[in-house]
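Below is one structure, written out as structure tokens; comments come after it.
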There are 2 protein chains.
Amino acid sequence: MGTTQLETVPEPKYWHLKTVLSDALDSEFAVGEILPNERELAARFGVARATLRQALEQLELEGRLQRRRGVGTTVAPPRVGVAVAPARHTWPGASGDDWQPVDATQSDTVPAAVARLLQTVPGEQVHIVRRTRVTNGQPVAAELLYVPSAAVPGHTEGPVRSAPARARAVLHELQELELEGQDRTVELGSARAEDARQLDRLPGAPVLVVTTRYVSGGRTTAVAVSTYRADTCRLTFGASDEVSLLAG
Amino acid sequence: MGTTQLETVPEPKYWHLKTVLSDALDSEFAVGEILPNERELAARFGVARATLRQALEQLELEGRLQRRRGVGTTVAPPRVGVAVAPARHTWPGASGDDWQPVDATQSDTVPAAVARLLQTVPGEQVHIVRRTRVTNGQPVAAELLYVPSAAVPGHTEGPVRSAPARARAVLHELQELELEGQDRTVELGSARAEDARQLDRLPGAPVLVVTTRYVSGGRTTAVAVSTYRADTCRLTFGASDEVSLLAG
DNA sequence: CAGTGGTCTAGACCACCGT
DNA sequence: CGGTGGTCTAGACCACTGC
């Protein structure tokens, strides 16, 4: 450094910091390694802690770092590729998907965006199935699946069952229907408090929200809203995961 | 409030603020309307400006707000649905896509991730085509398309052409090849300086990075890295856009 | 308990936009 | 030029983790 005369177009400090840290991560740190704490890093770079944190936040957003309160900041492993669109259209809960049913409830109020997709009227009963997706032992996604009760009029009123069993019952009924099509949207969101808990993140953490519409009998029969951890996930669409192809 | 006994788990102020602001946006503001400036809002809510900004940042991330330096904070329109995966596989630059070629260069160095996908060796020449995607007059995405020069050995050495013409030449050559397949990944990233300029955002702005692999002749023939504005875009995959279906 | 990251404050200055 | 959002500082306290 010395007498820095540079910065004709002053680059924000945190931006420059991010670059420096990023290079250091590539060359001097191994995955899982713990970085010095924020106060020390800030001192080492001669900036306020808030500025240092701005750089760390960006790197975390890009999946380079992982920070945990009370523990420290570690170097994150490369993002996991998670398959979102299987080769053939299938209902959620079809054999082979790696989602785990959590529970199921019934409600007559759903988010406005979901009601619009399902074309339900206010007050109409809808099953809400919660599921989790786990990859390599890490939770990567939480899902809420909305199915109008009218679409699956099965005899689910049997004896009291466990929460996962109720979820499985709804999913099982879906398989009976003919799936005519599906489409998806992906957008950025922030984790609601409940999702955050499931994903082992703080509320507000960045997530990729995948909304899937399932079409059967000429109408939207189910809507799944899946929230994936944006810091650790790379969503894959199409033929196959990059890794498996390169291995071939 | 009064003597708030609630909050056994105290909710952060900025989180609560975000909720309050979000509700206010729904009920009291119209799209495009300008909010009071940050200093005034902070005073009105009795918090430091930094705290207020934390809430605004989240709302901007979710596409509810739009902030511009020197101008102010406005209520954002709903996110635009942009089709990412067409019904049939096509090469980039096929007639009908709404990308605009910007320029094309040749280089022997590409990002490591791209080189891995293309299986190019260091030093191998690769065409790099820049394109922009514009929807409703707003730039929504910037793209870098990488094509190994060996894959398109056409006679592009003709007379000097304009930058867009060079780009079109490469794209045109691609159409001649048979496209055998493609797959995509979507992940969260932050805008590089150059992308940020094209997208009319500040560097580091959150973007959705779509990486498309085009397969021809049994190998990866092209890789497109498209960065979409995460604040304004909702990527759509599959049959069709939600809007067009609901309209039917 | 000590140490970590997360939240919050009250200020300052800068870069940018429109008038 | 005045007003906006963007950056930065130097502190403080809190919530969580692990020993």
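All chains are named by letter (A, B, ...) in the order of the sequence lines, taking the proteins before the strands, and each is independently numbered beginning at 1.
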Should the pair A:Arg53-A:Glu38 be classified as a salt bridge under the 4.0 Å nitrogen-to-oxygen rule?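 A salt bridge links A:Arg53 with A:Glu38.
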Salt-bridged, A:Asp195 to A:Arg130, with N to O below 4.0 Å?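 Salt bridge flag = no for A:Arg130 with A:Asp195.
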For A:Arg184 and A:Thr212, does a side-chain donor sit closer than 3.5 Å to a side-chain acceptor? yes
Please say whether more than 12 non-hydrogen atoms of neighbouring residues, nucleotides or ligands are located less than 6.0 Å from CZ in B:Arg68. no
Does B:Asn136 CG have over 12 foreign heavy atoms under 6.0 Å away?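 For B:Asn136, atom CG is not crowded (no more than 12 foreign heavy atoms under 6.0 Å).
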What string of B, S and - do you get for nucleotides 5-10 of chain D, 5' to 3', if B is base contact, S is sugar-phosphate-only contact and - is no contact with any protein heavy atom under 4.0 Å? BBBSB-
